[in-house]
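One structure is given here, and the rest of the page talks about it.
These numbers come from the heavy atoms of this one structure, side chains and all, not from hydrogens, waters or symmetry mates. In what follows, chains are A, B, ... by sequence order, proteins preceding strands, each numbered from 1.
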Number of protein chains: 2
Amino acid sequence: MKRVKKKAFSDFIARKGLKTTRQRDTILDFFLASDRHMSIEELYLKVRAKHPNIGYATVYRTLKLFAEAGLAREIQFGDGQTRYEHVNEGEHHDHLVCTHCGTIVEFENPVIEKLQDEVATSHGFLIETHKMEIYGLCPKCH
Amino acid sequence: MKRVKKKAFSDFIARKGLKTTRQRDTILDFFLASDRHMSIEELYLKVRAKHPNIGYATVYRTLKLFAEAGLAREIQFGDGQTRYEHVNEGEHHDHLVCTHCGTIVEFENPVIEKLQDEVATSHGFLIETHKMEIYGLCPKCH
DNA sequence: AGAACATTGAAAGTGATATTCATAAACATC
DNA sequence: GATGTTTATGAATATCACTTTCAATGTTCT
C-alpha cells in the first residue's frame, strides 16, 4: 500500500515536471505512517522531531501536493484546523467526531450514499462530493 | 415569523440582563430580511449601505448573540467563511452547495436522519448534531 | 438627572494559512 | 563530473477572517 502510494506520488511529480527531494520523501513517509487525520501542525511536529531542518512551509506545501496528487484530501471539522486524510482508491467514508475528546471514527454507509445521490438528482444537482459528519460523545466520553 | 423572532430576541436580551440598542434592532431587521445563509462580511456590507456608522465588530458580536439566542446557527462550508443561517423551531435541514456559483439549497430527508442515528448508535456514540453537505453543480451551472 | 453598567467602533491582536525571496538542490546536458 | 536551468526550501512576512481591547457613548434603574 505504501509502495503503491509512493509510486503514485513519484509518477505525479514526474508528470508535473517537479522534482524529487529529500524533504518530500521524508514528509511522505511520515504522512503514510501517521494516523488518518493530521493537521499541518501535527505532521510538522512529528517530522521536525526527527528532521529539525524541515520547515513548516515545506510541510504545508507538500501536503497540498499530496492532495493534488490524489493521495490526501483536505477536511474540516469546524475546529479551525484543516486536516488531511488518506485517500484510498474507491473508498468513501464519513465521520463520527467526538465533541469531547476529538476522536474521529470513520464509517461507510452505502444506503446513505445512495439517498444522497437521489437528493442531489431530485434537485437537479450534478453531484461532485459530499460530506457528512455526526458529532456527539464517543463511548469513552459518556 | 419576524415578529416572533424579534420577541424571542428581546426576551433573550432581557433574560441575560443585556440592553436593547438601535444597532441590535437594525442588525436583526437586516438579518431577518436576508437570504438564509449570510457571512458576517455580507451582512455587514448590507447593513453598512444604509447605516454607515455601524461597525463590523458590532455585526460580528450581534450575530454571535443571535446564535446564542437560538435565532441563528453558525455553519461552515469549507470556504473559510463562517455563515449564519436562520433557525426555525423544530426544523432540521442539510445543504446542497453549488461549487460553481455558491448557491445553497436546503433539503430535508428523514430517512437519512434516521440512518445517521443508527450509525451513531451502532458505534456507541451519543449523537449531538450532525451535518451533511452535498457539493456539485446546480441546474444553472451545468 | 445621576449612578451603574453594557455597548459601540476603531484599532490592535490572534491563529492558521499563504506567499515572498534569496539561497540551495535537482536534473538534463555537455 | 562540471555546468546551466529550473524548481524547492526555509525564514520571514503577509493575508485573511475572526476576536479582543479600550476609551467614549448609550441604556436602564432609581
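Atoms CD (B/E42) and C1' (D/dA17) sit 13 Å apart, rounded to a whole Å. Counting to the nearest Å, the C1' atom of D/dA8 and the CG atom of A/L63 are 16 Å from each other. A/K64 places its NZ atom 8 Å from the C1' atom of C/dA18, with the value rounded to the nearest Å. Note: CZ (A/F9) to C1' (D/dA8) measures 12 Å, nearest angstrom. One atom, CD of B/Q81, and another, P of C/dA16, lie 18 Å apart when rounded to the nearest Å. One can place CG of A/L18 at 14 Å from C1' of C/dA25, the figure rounded to the nearest angstrom. Atom CD in A/E68 sits roughly 11 Å away from atom P in D/dA8 (whole-Å rounding). Atoms CG (B/L65) and P (D/dC18) sit 17 Å apart, rounded to a whole Å.
Side-chain N/O atoms of B/Q23 include one lying less than 4.0 angstrom from OP1 or OP2 on C/dG9. An OP1 or OP2 oxygen of C/dA6 is reached within less than 4.0 angstrom by no side-chain nitrogen or oxygen of B/K16. Residue B/T82 has no polar side-chain atom (N or O) positioned under 4.0 Å from OP1 or OP2 of D/dA17. For A/Y60 and C/dT17, the shortest distance from a side-chain N or O to OP1 or OP2 is not below 4.0 Å. Contact between the side-chain N/O atoms of B/T21 and the OP1/OP2 oxygens of C/dT8 is found at a separation under 4.0 Å. Within the structure, every side-chain polar atom (N or O) of B/Y56 is placed at least 4.0 Å from both OP1 and OP2 of C/dG9. Residue B/K19 places no side-chain N or O under 4.0 Å from the OP1 or OP2 atom of C/dT8.
Between B/E118 and B/K114 there is a salt bridge, since a side-chain N of the basic residue sits under 4.0 Å from a carboxylate O of the acidic one. For the pair B/R15 and B/D11, the salt-bridge criterion is not met [side-chain N within less than 4.0 Å of a carboxylate O]. The pair B/K64-B/E68 does not meet the salt-bridge criterion, since no charged nitrogen lies less than 4.0 angstrom from a carboxylate oxygen. Salt bridge status for B/R83 with B/E74: absent, with no side-chain N to carboxylate O gap under 4.0 Å. Salt-bridge annotation for A/E85 and A/R36: absent, with no side-chain N of the basic residue lying under 4.0 Å from a carboxylate O of the acidic one.
Candidate nucleotides D/dG10, C/dG9, D/dT28 were compared by shortest atom distance to the side chain of B/I54, and C/dG9 ranks first. Closest to the side chain of B/T58, out of C/dG9, C/dA6, D/dT19, is C/dG9.
Nearest-nucleotide mapping onto DNA chain D: of B/R22 and B/G80, the residue sitting toward the 5' end is B/G80. Take the nearest nucleotide of DNA chain D for A/R24 and for B/D79: the residue whose nucleotide is more 5' is A/R24.
Between the side chain of B/R61 and the base of D/dT21, at least one donor-acceptor pair of N or O atoms lies under 3.5 Å.
A/S39 comes within 4.0 angstrom of nothing in the nucleic acid, heavy atoms only.
Not a single donor-acceptor pair under 3.5 Å links the side chain of A/N88 to the backbone N or O of A/E91.
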